[in-house]
Amino acid sequence: MALMFPVVMGITNVTIVAIIWVGGHEISDGTVEIGALSAMISYVMQIMMSVMMASFLAMMAPRATVCAERIGEVLATETSVVRPAEPVGFAGDPATVEFRDAQFRYPGADSAVLDGMTFRVEPGTTTAIIGSTGSGKTTLIGLVPRLIDVTDGAVLVGGTDIRTLDPDALRAEIGLVPQRAYLFSGTVASNVRYGKPDATDDEVWEALRIAQADEFVRAMPQGLDTPIAQGGTTVSGGQRQRLAIARASSADPRSTCSTTRSRRSTWRPMRA
Ligand SMILES: Nc1ncnc2c1ncn2[C@@H]1O[C@H](COP(=O)(O)OP(=O)(O)OP(=O)(O)O)[C@@H](O)[C@H]1O
Ligand SMILES: [Mg+2]
């Protein structure tokens with residue numbers, strides 16, 4: 001591949017030199033006119049350009065084959081989180097989360113990241129999970145919406161093992177702000193509405209207020225319609241986090257989006 005370009009360029013230039021060499025002698029002999037020689041050169045250039053294009057194609061083909069194989073591998077991957085054949089409903093209040101001797105081991109890892117996790121979170125309470133970096137907090141949070149499955153033990157939401165619940169029903173009860181806040185290209189409002197597509201402007205403002213993002217959004221010249229670049233690169237890191245919090249709180253059926261400010265409005269999504 002490295003040789004392809006110089007070789008094709010070399011052949012092109014040698015051809016032109018040869019044409020000028022032969023043509024020059026024929027012109028001095030009077031058998032060929034100058035116009036015919038320059039026409040010949042431009043035709044040869046056109047042919048050589050096509051050869052060059054063809055050689056680029058030959059270069060791209062093996063790359064594309066490798067890419068296609070990799071994409072195929074991703075598409076063919078079986079998800080480890082499977083939807084139960086006959087999902088059951090919540091046995092109790094879906095705001096109850098319980099870990100029963102839960103264990104999680106990343107595939108291929110020597111030891112489990114989480115082991116023997118047993119605790120219960122009651123509705124209306126705030127729970128903080130504290131630990132040093134790499135201790136498994138994000139992994140623990142990923143177990144609740146069933147982004148990953150426990151390797152042993154069980155996680156119960158609303159008194160039901162989450163592996164027997166419909167994942168959509170489970171996730172409808174959860175507002176999650178990921179550690180790495182990611183915004184999509186669109187506007188402030190379209191990002192907040194990811195949680196609830198039919199949210200009214202008032203509901204969007206309420207979600208922004210809960211996330212303490214209303215102040216800086218109001219200061220933006222286009223307000224809710226301010227464009228956001230892919231990945232949220234046009235807002236600061238903190239603003240990105242707040243918009244992600246607003247998105248999660250607009251999705252959560254129990255957040256105070258549709259009600260007025262009250263003591264219950266201290267609902268905060270977990271940051272994993
Ligand atoms: N996808 C993965 N595959 C294999 N190991 C992983 C993966 N993600 C995390 N780990 C490992 O699991 C452990 C826990 O990671 P986790 O992201 O849960 O930590 P954390 O407590 O959230 O850390 P931080 O405070 O830095 O966010 C780490 O030791 C990490 O190396
Ligand atoms: Mg983390």
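For ligands, and for the atoms within them, numbers begin at 1 and follow the listed sequence.
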**Study point:** the Mg ion (ligand 2) to nearest N/O/S of T133 below 2.8 Å
**Key:** no

**Study point:** Short N/O/S contact of T138 with the Mg ion (ligand 2) (below 2.8 Å)
**Key:** yes

Exercise for review: Specify side chain, backbone, both or neither for V113, according to which of its non-hydrogen atoms lie closer than 4.0 Å to ligand 1.
Suggested key: side chain

Review point. Can you find a heavy atom in the side chain of D93 that is under 4.5 Å from one in the side chain of T96?
Key: yes

**Study point:** Pairing of E122 and R120 as salt bridge, 4.0 angstrom limit
**Key:** yes

**Study point:** Polar contact flag, side-chain donor to acceptor under 3.5 angstrom, T139-Y106
**Key:** yes

Practice item. Taking R240 for its side chain and G232 for its backbone only, find out whether a donor-acceptor pair lies under 3.5 Å. Key: yes

Exercise for review: Could you list which atoms of ligand 1 come closer than 4.0 Å to a heavy atom of Q179?
Suggested key: 24 (P), 27 (O)

**Study point:** Contact with ligand 1 for S135, non-hydrogen, under 4.0 angstrom
**Key:** yes

Review point. Can D201 and R193 be counted as an ion pair, charged N to O under 4.0 angstrom?
Key: yes

Review point. Charged N to carboxylate O under 4.0 angstrom, E206 versus R209?
Key: yes

Review point. Which ligand 1 atoms, with their elements, are less than 4.0 angstrom from a heavy-atom of T139?
Key: 14 (C), 15 (O), 16 (P), 18 (O)

Review point. Would you say ligand 1 has an N or O under 3.5 Å from any N or O of G131?
Key: no

